[in-house]
Amino acid sequence: MNISKNKVVTIDYSLHNETGELLDSSEGGEPLVYLHGNENIIPGLEKFLEGKTTGDSISCTVPAAEAYGERDESLVFKVSKKDFGDNVEVAPGMQFEAHGEEGVQIVTVVGVNGDEVTIDANHPLAGENLHFDVKVVDVRDATEEEIEHCHVHMDGEDGCCDDDCDCADCEDGCSDGCCD
Ligand code: ZN
């Protein structure tokens, strides 16, 4: 079966940045299972996987614009240390989750100067061209429910109503009680 929209695809992968540093890998863990064509994974990687089939291996470089986007310097800004709450040690390199208009974002502390904290709300991989080595392990048809929710439901796991997926279809699906 070939990979196309609304197929459930299982891949083993490793991800390196341009300098060859390993950023992420499924080796030694679970392979990645996603619903193709539903923005479950970065768009640039979906393009390379389109039409591939079980057993295929690909090596590809996804440009930043089709991965986590280019860096946006307007997302680097100063906040007050008080915003972090009392008893929180704020230090450069610290990462935390912020809930914004576009869902959960990872924000990195890049500098601390007295009460002034400089934070960077760019995705940690923004501006990076990413190199993927991928092996297609399995391709199957999605169930109607998976297509409706735009994500994969794993057997016996709460793959449903995944926090990462906030598309309208998914929210509608979840209001049907799939989260119970
Ligand atoms: Zn669901």
Practice problem: For Asp12, check salt bridge (charged side-chain N to carboxylate O under 4.0 Å, His left out) against everything at least two apart and list the hits. | Solution: none

[X]-[Y] co-clustered via ILVMFWY side chain contacts under 4.5 Å:
X: Val33; Y: Ile3; value: no
X: Val9; Y: Leu32; value: yes
X: Leu23; Y: Ile11; value: yes

Quiz prompt | Ile41 vs Leu49, side chain to side chain contact (heavy atoms under 4.5 Å, CB included): CA-CA, chis, key distance, verdict | solution = CA-CA 11 Å; Ile41 63 169; Leu49 285 165; 4.2 Å; yes

Exercise. Starting from the C-alpha separation in whole Å, work towards a yes-or-no answer on side chain to side chain contact (heavy atoms under 4.5 Å, CB included) for Phe48 and Val134.
Key: CA-CA 10 Å; Phe48 282 105; Val134 179; over 6 Å; no

Quiz item: Does Glu21 offer a backbone N or O that forms a donor-acceptor pair with the side chain of Asn17 under 3.5 Å?
Solution: yes

For [X], side-chain hydrogen bond (donor to acceptor under 3.5 Å, both in side chains) partners two or more places apart:
X: Glu144; result: none
X: Ser25; result: none
X: Lys5; result: none

Exercise. Carefully, step by step, assess Asn40 and Asn38 under the rule side chain to side chain donor-acceptor pair (under 3.5 Å).
Key: CA-CA 5 Å; Asn40 289 182; Asn38 287 263; 5.8 Å; no

Quiz item: Going by the angle between their ring planes, with limits at 30° and 60°, are His151 and His153 parallel, tilted or perpendicular?
Solution: tilted

Exercise. Kindly determine whether Lys7 and Asp141 satisfy salt bridge (Lys or Arg N to Asp or Glu O under 4.0 Å), including the steps that lead there.
Key: CA-CA 5 Å; Lys7 299 294 182 208; Asp141 286 317; 2.5 Å; yes

Working to the nearest 0.5 Å, report the span between [atom1] of [X] and [atom2] of [Y].
X: Leu75; Y: His123; atom1: CG; atom2: NE2; value: 12.5 Å
X: Ile106; Y: Asn122; atom1: CD1; atom2: CG; value: 12.0 Å
X: Glu27; Y: Lys135; atom1: CD; atom2: NZ; value: 12.5 Å
X: Lys81; Y: Asp115; atom1: NZ; atom2: CG; value: 6.5 Å
X: Phe96; Y: Thr108; atom1: CZ; atom2: OG1; value: 8.0 Å
X: Leu45; Y: Leu130; atom1: CG; atom2: CG; value: 9.5 Å

Donor-acceptor list for residues 54-68 side chains, cut-off 3.5 Å, not counting sequence neighbours:
from  : atom 1 : to     : atom 2 : distance (Å)
Asp56 : OD2    : Thr53  : N      : 2.9
Ser59 : OG     : Asp133 : OD1    : 2.4
Thr61 : OG1    : His131 : ND1    : 3.0
Glu66 : OE1    : Lys47  : NZ     : 3.4
Glu66 : OE2    : Lys47  : NZ     : 2.9

If we only count heavy atoms from C-beta on, is the [X] to [Y] side-chain gap below 4.5 Å?
X: Phe84; Y: Val117; value: yes
X: Glu46; Y: His36; value: yes
X: Ser80; Y: Glu116; value: no

Quiz item: Would you find more than 12 non-hydrogen atoms of other residues, nucleotides or ligands less than 6.0 Å from Glu50 atom CD?
Solution: yes

Quiz item: Would you say Glu73 has more than 12 foreign heavy atoms packed within less than 6.0 Å of its CD?
Solution: yes

Quiz item: Mind checking what makes side chain to side chain contact (heavy atoms under 4.5 Å, CB included) contact with Pro43, not counting sequence neighbours?
Solution: none

Practice problem: List the steps and the verdict of side chain to side chain contact (heavy atoms under 4.5 Å, CB included) for Phe132 and Ile42. | Solution: CA-CA 11 Å; Phe132 286 91; Ile42 58 170; 3.6 Å; yes

Quiz item: When you look at Ile119 and Val110, which way does the side chain to side chain contact (heavy atoms under 4.5 Å, CB included) test go after all the steps?
Solution: CA-CA 5 Å; Ile119 60 172; Val110 291; 5.9 Å; no

Practice problem: State plainly whether the residues Glu146 and Arg140 are in salt-bridge range, i.e. N to O under 4.0 Å. | Solution: yes

